[in-house]
Amino acid sequence: MEQHKHWMKHALTLADKAELIGEVPVGACVVLNGELIGEGYNTPITDNDPSAHAELRAVKAAASQVQNYRLVDATLYVTLEPCSMCAGMLVHARVKRVVFGAKDAKTGAAGSVMNLLQHSALNHQIEIVSGVLADECAHKLSDFFRKRRKEIKAAKKAKKLEENGESD
């Protein structure tokens, strides 16, 4: 469990990088034989790419590092439960294990909404470890969205004042 916490803390630092550029703070890293082989964080807004999720970026980097599209025996650490797009990619990459922090009640595909990682109809099932540093991961996301809602509300208020010819 200490190893899981270590790598999840690394994923959290990657999530911070996403937040710094205005992205939803999700970070991911791929570990093989105790070595970091790939990492990534969310950049779909920055890259104008709906597939630029932390998991996809981390797995792409890892596959490039090991020069193989299969990541047999690798573990992906991610701060938020993977969505269905990422879960499908992880199955195709033959990742051995996914360790995630916060559950995603809206789009989680590792048990919350559905479980594509262990679906019996698929040709590969992935071991799941959930809830590692869950509170830290969940707070990072909830703080981000709270701040974003506050900014949106302030912008709407400023626009309304401007339209009425008023100022703060």
Side-chain angles (χ1 to χ4, degrees), residues 1-31 36-63 71 74-93 95-119 125-159:
M1 190 57 157
E2 284 309 309
Q3 178 178 310
H4 291 334
K5 287 181 181 178
H6 169 79
W7 291 113
M8 189 61 71
K9 285 178 183 175
H10 183 69
L12 281 162
T13 65
L14 295 166
D16 290 339
K17 291 182 179 188
E19 186 169 14
L20 284 173
I21 60 171
E23 297 279 358
V24 175
V26 177
C29 58
V30 180
V31 176
L36 177 68
I37 60 168
E39 60 184 26
Y41 51 88
N42 274 2
T43 62
I45 298 166
T46 304
D47 294 346
N48 296 307
D49 180 357
S51 72
H53 287 196
E55 301 95 320
L56 282 154
R57 293 172 51 89
V59 167
K60 188 174 182 177
L71 296 173
T75 298
L76 173 91
Y77 293 88
V78 62
T79 57
L80 180 65
E81 179 180 358
C83 69
S84 57
M85 174 182 69
C86 293
M89 177 272 307
L90 293 164
V91 169
H92 286 293
V95 169
K96 179 180 183 176
R97 178 183 309 109
V98 170
V99 179
F100 70 87
K103 289 185 180 251
D104 186 344
K106 292 183 180 178
T107 63
S112 289
V113 175
M114 65 189 83
N115 189 349
L116 289 178
L117 296 181
Q118 297 177 329
H119 197 286
Q125 287 76 41
I126 298 173
E127 178 187 335
I128 299 170
V129 178
S130 63
V132 175
L133 301 181
D135 289 343
E136 288 180 52
C137 294
H139 285 133
K140 182 173 293 299
L141 288 159
S142 60
D143 290 349
F144 171 82
F145 285 112
R146 186 178 307 108
K147 180 180 169 188
R148 180 175 272 181
R149 285 189 300 272
K150 186 177 179 181
E151 290 168 353
I152 291 169
K153 188 176 180 180
K156 284 181 181 178
K157 183 179 179 182
K159 184 179 179 185

Checklist entry - Are any of the side-chain heavy atoms of Ser112 and Asp104 separated by less than 4.5 Å? => result no
Checklist entry - What is the minimum heavy-atom distance between Ala87 and Ala109, and which atoms define it? => result CB-CB, 3.9 Å
Next on the checklist: Among Gln3, Arg97, Glu127, exactly one meets side chain to side chain contact (heavy atoms under 4.5 Å, CB included) together with Thr75. Which residue is that?
Outcome noted: Arg97
Checklist entry - When Ile126 is tested against each of Leu76, Asn115, Leu90, Leu116 for side chain to side chain contact (heavy atoms under 4.5 Å, CB included), which residue passes? => result Leu90
Checklist entry - Under 3.5 Å, is there a donor-acceptor pair between the Gln125 and His119 side chains? => result no
Checklist entry - Are any of the side-chain heavy atoms of Leu80 and Leu141 separated by less than 4.5 Å? => result yes
Item to check | Side-chain touch Pro25/Thr79, heavy atoms, less than 4.5 angstrom | outcome: no
Checklist entry - What closest approach, in Å, do Val132 and Met8 show between heavy atoms, and which atom pair accounts for it? => result O-CG, 3.6 Å
Next on the checklist: Nearest 0.5 angstrom please: Lys156 NZ to Lys153 NZ, how far?
Outcome noted: 10.0 Å
Checklist entry - Nearest heavy-atom pair of Pro50 and Pro44: which atoms, and what distance? => result CA-CB, 4.3 Å
Checklist entry - When rounded to the nearest 0.5 angstrom, what is the spacing between OG1 in Thr107 and CE in Met85? => result 9.5 Å
Checklist entry - Does any N or O in the side chain of His6 come within less than 3.5 Å of the main-chain N or O of Glu2, such that one atom is a donor and the other an acceptor? => result no
Item to check | No-hydrogen, no-angle side-chain donor-acceptor test under 3.5 Å, Tyr77 and His4 | outcome: yes
Item to check | Heavy-atom side-chain contact between Glu39 and Val30 under 4.5 Å | outcome: no
Checklist entry - How about Thr13 and Asp16: does a side-chain donor come under 3.5 Å of a side-chain acceptor? => result no
Next on the checklist: Tell me the closest heavy-atom pair linking Glu55 and Cys83, and the distance in Å.
Outcome noted: OE2-N, 4.4 Å
Item to check | Residue among Thr43, Thr46, Asn42 satisfying side chain to side chain donor-acceptor pair (under 3.5 Å) with Glu23 | outcome: Thr46
Checklist entry - Roughly how far, to the nearest 0.5 Å, is the CG atom of Leu12 from the SG atom of Cys29? => result 9.5 Å
Next on the checklist: One thing to verify: whether Arg57 and Asp47 come together as a salt bridge, which I'm taking to mean a side-chain N less than 4.0 angstrom from a carboxylate O.
Outcome noted: yes
Item to check | Name of the residue among His53, Met89, His92 meeting side chain to side chain contact (heavy atoms under 4.5 Å, CB included) with Val59 | outcome: Met89
Item to check | Side chains of Val24 and Phe144 in contact at under 4.5 Å (non-hydrogen atoms) | outcome: yes
Item to check | Exam field: side chain Glu81 to backbone Phe100, donor-acceptor pair closer than 3.5 Å | outcome: no
Checklist outcome for this item: Scanning both residues in full, the closest heavy-atom pair of Leu117 with Ala110 reads CD1-CB, 3.6 Å
Item to check | Min side-chain heavy-atom separation Val26-Val78 under 4.5 Å | outcome: yes
Checklist outcome for this item: Tightest non-hydrogen contact, residues Gly101 and Cys137, listed as CA-SG, 3.8 Å
